[in-house]
Amino acid sequence: MQPLSPVDALRRIAFLLERAREPTYRVRAFRTAAATIEALPQEELERRAAHGTLTDLKGIGKVTATAITEALAGEVPVYLRRLEATEGRPVAEGGAEIRAALRGDLHTHSDWSDGGSPIEEMALAARELGHEYFALTDHSPRLTVANGLSPQRLRDQLDLVAELNEKLDGIRILTGIEVDILEDGSLDQEPELLERLDVVVASVHSKLRMPKREMTQRMVRAIANPHTDVLGHCTGRLVTGGRGRRPESEFDPDVVFAACAKFDVAVEINSRPERLDPPKRLLRLAVEAGCSFAIDTDAHAPGQLDWQPYGCERAAACGVPVEKIVNTRSADELLAWSNG
Ligand SMILES: [Zn+2]
Ligand SMILES: [Zn+2]
């Protein structure tokens, strides 16, 4: 392993912990420490390391101080070396060809809603993964538990994204939203704003137990909405993990996937390990229906952006054709599709 700068070493540790599904609060110490020392002149950093006074700085504890000192000495910090040994490998082995074809991610969250990191940190991690672009899709107003964005907050976010795109090289942040599909199938944001956004992921987050017939109508109405580009985690199921289990919502998959194919809405292959949505039997039906797909991470932290291989593995297993995956396209081709 190449030695990294102290900032890069701390960020790499955070990335690997997030990727290994550690909760954001446990990872925060490393990201906070990275931000603290990034703002520090190099001489002060070296002097403090030499005198053992790094821990006097706000946000630097014993573990982070040790890692910084080791990195300054040109070594790979022991903490990082241990993590690389156990967590540095790809999260899933199948679907490597599909993963290699992906150029971006269309479903991610920042600390503007229920994500754990600022937009810029998400962007840096996406660039590090080799993405050309990613869509920032924070939650919509009625998802108050996830601090969904009001129209005004979304407008403010659009200004910030424009600034970041001016500033950052090598990665393009697409504007977007994960908009709630309300009970009647309408979308939870002003149409004028939805119109402005690059990518609209529409997802069901409430009343998941609705009767099959109503749920089918609700989803089809959202799919037929001209602003919708991607149908997010279509069954809402949770298969494992700290959030417990949740069964699939019931809808008529033939009708829903036919609507996706007709209205050119991509079916999301959600890569989150606790979701793995849609299940394989439905994924195969969507392939047969001729749908397009988006392999997304639904990342709520930078390290989770590297969960795409979970989705790629399932896509490969279910025979999803690479040319049907919209995020294998260039940003311009993608935008021509989503704005079309
Ligand atoms: Zn969601
Ligand atoms: Zn999401």
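Counting starts at 1 for both ligands and their atoms, following the listed order.
Metal site remark for the Zn ion (ligand 1): His205 contributes an N, O or S atom at a distance under 2.8 Å. The Zn ion (ligand 2) has no N, O or S atom of His139 under 2.8 Å away, backbone or side chain.
Salt-bridge annotation for Glu43 and Arg48: absent, with no side-chain N of the basic residue lying under 4.0 Å from a carboxylate O of the acidic one.
Of all the N, O or S atoms in Glu178, the one closest to the Zn ion (ligand 1) is OE2. Summary: NE2 is the N/O/S atom of His233 found nearest to the Zn ion (ligand 1).
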Starting from the C-alpha separation in whole Å, work towards a yes-or-no answer on side chain to side chain contact (heavy atoms under 4.5 Å, CB included) for Arg218 and Ile181.
CA-CA 8 Å; Arg218 176 185 183 185; Ile181 299 176; 3.8 Å; yes
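Taking the Zn ion (ligand 2) as the apex, the angle formed with NE2 of His107 and OD1 of Asp298 is 80°, to the nearest 10 degrees.
The environment of CZ in Arg209 is crowded: more than 12 heavy-atom neighbours from other residues, nucleotides or ligands sit within 6.0 Å.
Side chain to side chain, Glu178 and His233 meet the donor-acceptor criterion of an N or O pair below 3.5 Å. In summary, the side chains of Asn147 and His139 do not present any donor paired with an acceptor at a separation below 3.5 Å, with no hydrogens or angles considered.
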